[in-house]
Amino acid sequence: MDHTQPDEISVVVTRTGGIAGIRRAWRAVPGPEQASEFAALVERCPWDDPPRADEAGADRFMWVIAANLPGSARQAELPESGATGAWRSLIDAVRAWASEHRELTGRKGDASSSD
């Protein structure tokens with residue numbers, strides 16, 4: 001359940017797959033001082049043209065990115081190979097924010113791990 005207010009920004013990044021198939025998720029709900037930075041990161045991503053999934057294969061990571069901005073909600077699924085450029089910047093910012101604020105969703109653990 002999303003506990004954000006209608007005028008708040010929230011971004012959830014979920015990574016699935018890998019050798020153990022473990023799901024990891026990180027959530028950022030930046031305050032007013034960081035809202036414009038996160039909004040810019042979200043806007044730079046090519047939401048209408050996300051990268052296509054790689055050919056099927058075991059142990060590959062997939063990313064699901066869901067962003068809620070005032071007045072809009074977006075979601076994209078992309079393979080690890082597509083998590084570059086603007087996507088990577090957004091993923092890294094959410095993971096860093098979550099690590100600093102201890103905002104984990106899904107599996108409990110250390111959000112600051114670089115795996």
With the side chain counted from C-beta on, respond yes when [X] and [Y] share a heavy-atom pair under 4.5 Å apart, and no when they do not.
X	Y	value
Leu90	Val11	yes
Arg27	Trp97	no
Trp87	Leu78	yes

How far apart are the closest heavy atoms of [X] and [Y], and which atoms are they?
X	Y	answer
Val42	Arg74	O-NH1, 4.2 Å
Ala25	Thr14	CB-OG1, 3.7 Å
Met62	Pro79	SD-CA, 3.6 Å
Ala98	Trp26	CB-CB, 3.8 Å
Phe38	Ala93	CZ-O, 3.8 Å

Item to check | Partner residues of Ala35 under the side chain to side chain contact (heavy atoms under 4.5 Å, CB included) criterion, sequence neighbours left out | outcome: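 Listed in chain order: Ile9.
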Next on the checklist: One pair to check against side chain to side chain contact (heavy atoms under 4.5 Å, CB included): Ile65 and Gln75. What are the steps and the verdict?
Outcome noted: CA-CA 6 Å; Ile65 303 168; Gln75 183 168 324; over 6 Å; no
Item to check | Under 3.5 Å: donor-acceptor pair, side chain of Ser89, backbone of Gly85 | outcome: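 Such a contact is found between Ser89 side chain and Gly85 backbone.
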Item to check | Separation between CD of Glu80 and OG1 of Thr16, rounded to the nearest 0.5 Å | outcome: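 Going from the CD atom of Glu80 to the OG1 atom of Thr16 covers 10.5 Å.
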Checklist entry - Taking the six-membered ring of Trp63 as reference, does the NZ or CZ atom of Arg88 fall below 6.0 Å from its centre and within a 45° cone about the axis? => result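 The answer is yes, since Arg88 meets both limits relative to Trp63.
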Checklist entry - Same hydrophobic cluster for Leu69 and Trp47, using side-chain heavy-atom links shorter than 4.5 Å among ILVMFWY? => result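 The answer is yes; both residues are in one hydrophobic cluster.
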